[in-house]
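Indexing begins at 1, ligand by ligand and atom by atom, following the structure's order.
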Amino acid sequence: MKAILTDVTKCIGCFECVTACKTSHNLSNDVPRKWHRNDGLSAQNWSSIVQRPDNHYVRKQCRHCLEPACVSVCPVAALITTNTGAIIYDPDKCIGCRYCMIACPFGIPRYDWEEPVPYIRKCDFCHDRTTRGLQPACTEACPNGATIFGERDELLSEAHRRIAAEPDKYLDTVFGEHEMGGTAVLYISDIDLGFLSYPARRETPALPETTHLAMSAVPPTFIGMGALMGGLYWFCKRRDALAGKDKDKS
Ligand code: SF4
Ligand code: SF4
Ligand code: SF4
């Protein structure tokens with residue numbers, strides 16, 4: 001399984017990774033909109049740099065969860081887990097329900113409100129590049145080795161090696177190793193990165209354990225609604241038929 005390791009202590013905030021992502025995916029410049037959140041992500045920005053106090057710069061992108069909540073809630077399987085670890089999206093299947101936006105514990109998927117038929121947009125882990133043996137555009141562009149690509153187990157070892165070598169420099173945690181069931185985008189840092197996830201959802205179990213409960217209630221709800229609407233239709237037809245008979249008698 002592939003992964004990205006970002007070392008926050010090495011990031012200089014140059015935005016080369018952001019620009020490379022946009023160029024690689026043909027994403028246009030953003031028009032500022034009031035519905036944009038202040039993390040820099042949008043339908044046209046699949047990765048961003050969040051500035052934190054004391055000149056800390058933190059990359060933000062889809063974390064490509066090992067047990068992705070977005071995949072578990074999608075009722076039409078428009079979000080798919082691939083064998084490289086990339087969570088990719090099929091716009092032909094998407095019905096625009098936006099359950100994935102609500103379910104994602106990292107607030108990643110964005111709706112493309114600018115399009116007549118809007119779709120979900122997010123980092124796709126450069127799936128078309130990685131399946132051709134290339135690394136993602138963002139990691140290739142980083143001039144400082146702050147964000148690197150490789151096998152997840154090797155990057156985890158590298159992350160722990162750096163922490164052990166400089167324990168005074170790094171927090172003793174690899175963000176994404178266990179968080180939300182584990183993610184393919186990992187971080188090491190000298191500042192807490194809890195702000196990257198919703199505060200109420202920082203627990204480590206994978207969310208699909210809970211979203212499955214909610215989603216399993218959807219089919220019975222649809223069947224119940226169908227039965228209710230069918231009943232109403234039958235009642236209205238019957239009422240109209242009886243009203244017609246009464247009119248014939250008079
Ligand atoms: S970070 Fe959000 S959008 Fe990305 S795989 Fe995880 S749940 Fe899905
Ligand atoms: S992996 Fe690809 S799509 Fe994702 S942030 Fe990097 S360049 Fe963008
Ligand atoms: S290209 Fe590298 S150093 Fe520049 S902002 Fe991105 S991660 Fe940081």
Side-chain angles (χ1 to χ4, degrees), residues 1-27 39-52 55-74 78-82 84-89 94 98-111 120-132 134-150 175-176 179-189 196-198 201 206-211:
M1 165 169 285
K2 301 294 185 188
I4 285 176
L5 171 64
T6 293
D7 185 336
V8 173
T9 68
K10 286 176 173 278
C11 181
I12 53 173
C14 67
F15 280 76
E16 290 292 332
C17 51
V18 175
T19 306
C21 177
K22 285 177 77 80
T23 306
S24 175
H25 294 89
N26 239 347
L27 301 173
D39 61 2
L41 291 186
S42 72
Q44 301 299 329
N45 277 344
W46 297 359
S47 74
S48 67
I49 300 294
V50 180
Q51 187 162 4
R52 301 295 287 176
N55 290 330
H56 283 94
Y57 302 96
V58 182
R59 288 202 66 199
K60 185 165 183 178
Q61 64 183 112
C62 172
R63 300 286 288 271
H64 297 279
C65 306
L66 306 194
E67 296 180 55
C70 59
V71 171
S72 75
V73 297
C74 182
L79 286 149
I80 307 148
T81 303
T82 64
T84 59
I87 309 301
I88 61 169
Y89 171 68
C94 181
R98 285 172 281 152
Y99 284 0
C100 56
M101 292 175 67
I102 297 163
C104 174
F106 300 106
I108 299 296
R110 301 296 151 102
Y111 210 48
I120 292 297
R121 302 282 182 232
K122 72 168 195 72
C123 160
D124 65 357
F125 215 35
C126 284
H127 190 58
D128 69 326
R129 288 174 61 94
T130 56
T131 48
R132 286 184 286 126
L134 301 171
Q135 62 172 309
C138 55
T139 56
E140 186 179 76
C142 181
N144 224 26
T147 188
I148 56 175
F149 178 71
F175 295 89
E179 208 180 355
M180 301 296 166
T183 64
V185 173
L186 306 162
Y187 295 84
I188 52 174
S189 175
L196 288 176
S197 56
Y198 287 130
R201 301 183 188 174
L207 277 182
E209 286 172 28
T210 34
T211 53

### Query
Among all protein non-hydrogen atoms, which one is nearest to atom 1 (S) of ligand 1, and what is the separation to 0.1 Å?
Arg63 N, 3.4 Å
### Task
Sort by chain and number the protein N/O/S atoms that are closer than 2.8 Å to atom 2 (Fe) of ligand 2, and list them.
Cys126 SG
### Query
Do Leu79 and Pro68 have side-chain heavy atoms sitting under 4.5 Å apart?
no
### Message
I need the Thr23 OG1 to His25 NE2 distance, nearest 0.5 Å.
### Response
10.5 Å
### Nearest heavy atoms of His127 and Ala86, plus distance in Å
ND1-CB, 3.8 Å
### Task
Work out which heavy atom in Pro109 is nearest to a heavy atom in Ile120; give both atom names and the distance.
CB-CG2, 3.9 Å
## Note on the structure
With sequence neighbours left out, the residues meeting salt bridge (charged side-chain N to carboxylate O under 4.0 Å, His left out) with Glu16 are none
### Task
Could you find the nearest protein heavy atom to atom 8 (Fe) of ligand 1 and give me its residue, atom name and distance?
Cys70 SG, 2.3 Å
### Message
Please check this pair: side chain of Lys22 against backbone of Gln44, looking for a donor-acceptor N/O pair closer than 3.5 Å.
### Response
yes
#### Entry: Residue, atom name and distance, where the atom is the protein heavy atom closest to atom 6 (Fe) of ligand 1
Cys65 SG, 2.3 Å
### Message
My understanding is that we take every heavy atom of each candidate and find the minimum distance to atom 4 (Fe) of ligand 3. Doing that for Pro143, Cys17, Ser48, Cys14, which one comes out nearest?
### Response
Cys14
### Query
Using a heavy-atom cut-off of under 4.0 Å, does the side chain or the backbone of Lys22 touch ligand 2, or both, or neither?
neither
### Message
Tell me whether Phe15 reaches ligand 3 (any heavy atom closer than 4.0 angstrom to a ligand atom).
### Response
yes
## Note on the structure
Counting from 1 in the order shown, the ligand 3 atoms closer than 4.0 Å to a non-hydrogen atom of Glu16 are 1 (S)
### Query
Any idea which part of Lys122 is under 4.0 Å from ligand 1, heavy-atom wise: side chain, backbone, both or neither?
side chain
### Query
Below 4.0 Å from any atom of ligand 3, is there a heavy atom belonging to Ala141?
no
### Query
Where the side chain of Tyr111 meets the backbone of Arg98, is there a donor-acceptor pair that is under 3.5 Å apart?
no
### Message
Closer than 3.5 angstrom, by distance alone: can the side chain of Lys122 be matched with the main-chain N or O of Ile87 as a donor-acceptor pair?
### Response
yes
### Task
Check whether any side-chain N or O of Asp124 sits under 3.5 Å from a backbone N or O of Cys126 as a donor-acceptor pair, and report yes or no.
yes
### Query
What protein heavy atom is closest to atom 3 (S) of ligand 3, reported as residue, atom name and distance in Å?
Ile12 N, 3.5 Å
#### Entry: Numbered atoms and elements of ligand 1 in range of Pro109, under 4.0 angstrom, heavy atoms
3 (S)
### Task
Would you kindly say whether Thr147 and Arg59 are connected by a side-chain donor-acceptor distance under 3.5 Å?
yes
### Query
Hey, is the main chain of Asp39 close enough, under 3.5 Å, to the side chain of Ser48 for a donor-acceptor pair?
yes
### Summary
Min over Cys104, Ala86, Ala184, Gly181 of heavy-atom distance to atom 2 (Fe) of ligand 1 lands on Cys104
### Message
Just checking: Cys142, one of its N/O/S atoms, less than 2.8 Å away from atom 2 (Fe) of ligand 3, yes or no?
### Response
yes
### Query
Can you tell which part of Ala103 has a heavy atom less than 4.0 Å from ligand 1: side chain, backbone, both or neither?
neither
## Note on the structure
Taking every heavy atom of Phe125 against every heavy atom of Pro136, the minimum-distance pair comes out as O-CG, 4.2 Å
#### Entry: Sub-4.0 Å atoms of ligand 2 with respect to non-hydrogen atoms of Arg59
5 (S), 6 (Fe)
### Task
Please name the pair of heavy atoms, one in Lys60 and one in Tyr187, separated by the smallest distance, quoted to 0.1 Å.
CA-OH, 4.1 Å
### Closest contact, heavy atoms only, Ile49 versus Cys17
CD1-SG, 3.8 Å
### Message
As an exercise, identify every atom of ligand 3 less than 4.0 angstrom from a heavy atom of Thr147.
### Response
7 (S)
### Any donor-acceptor pair under 3.5 Å from Glu179 side chain to Gly176 backbone
yes
### Task
Report yes or no: does Pro105 have a heavy atom closer than 4.0 Å to ligand 1?
yes
#### Entry: Val18 and ligand 3 - part of the residue with a heavy-atom distance under 4.0 Å
neither
### Query
Which ligand 1 atoms does Phe106 reach within 4.0 Å, using its non-hydrogen atoms?
1 (S)
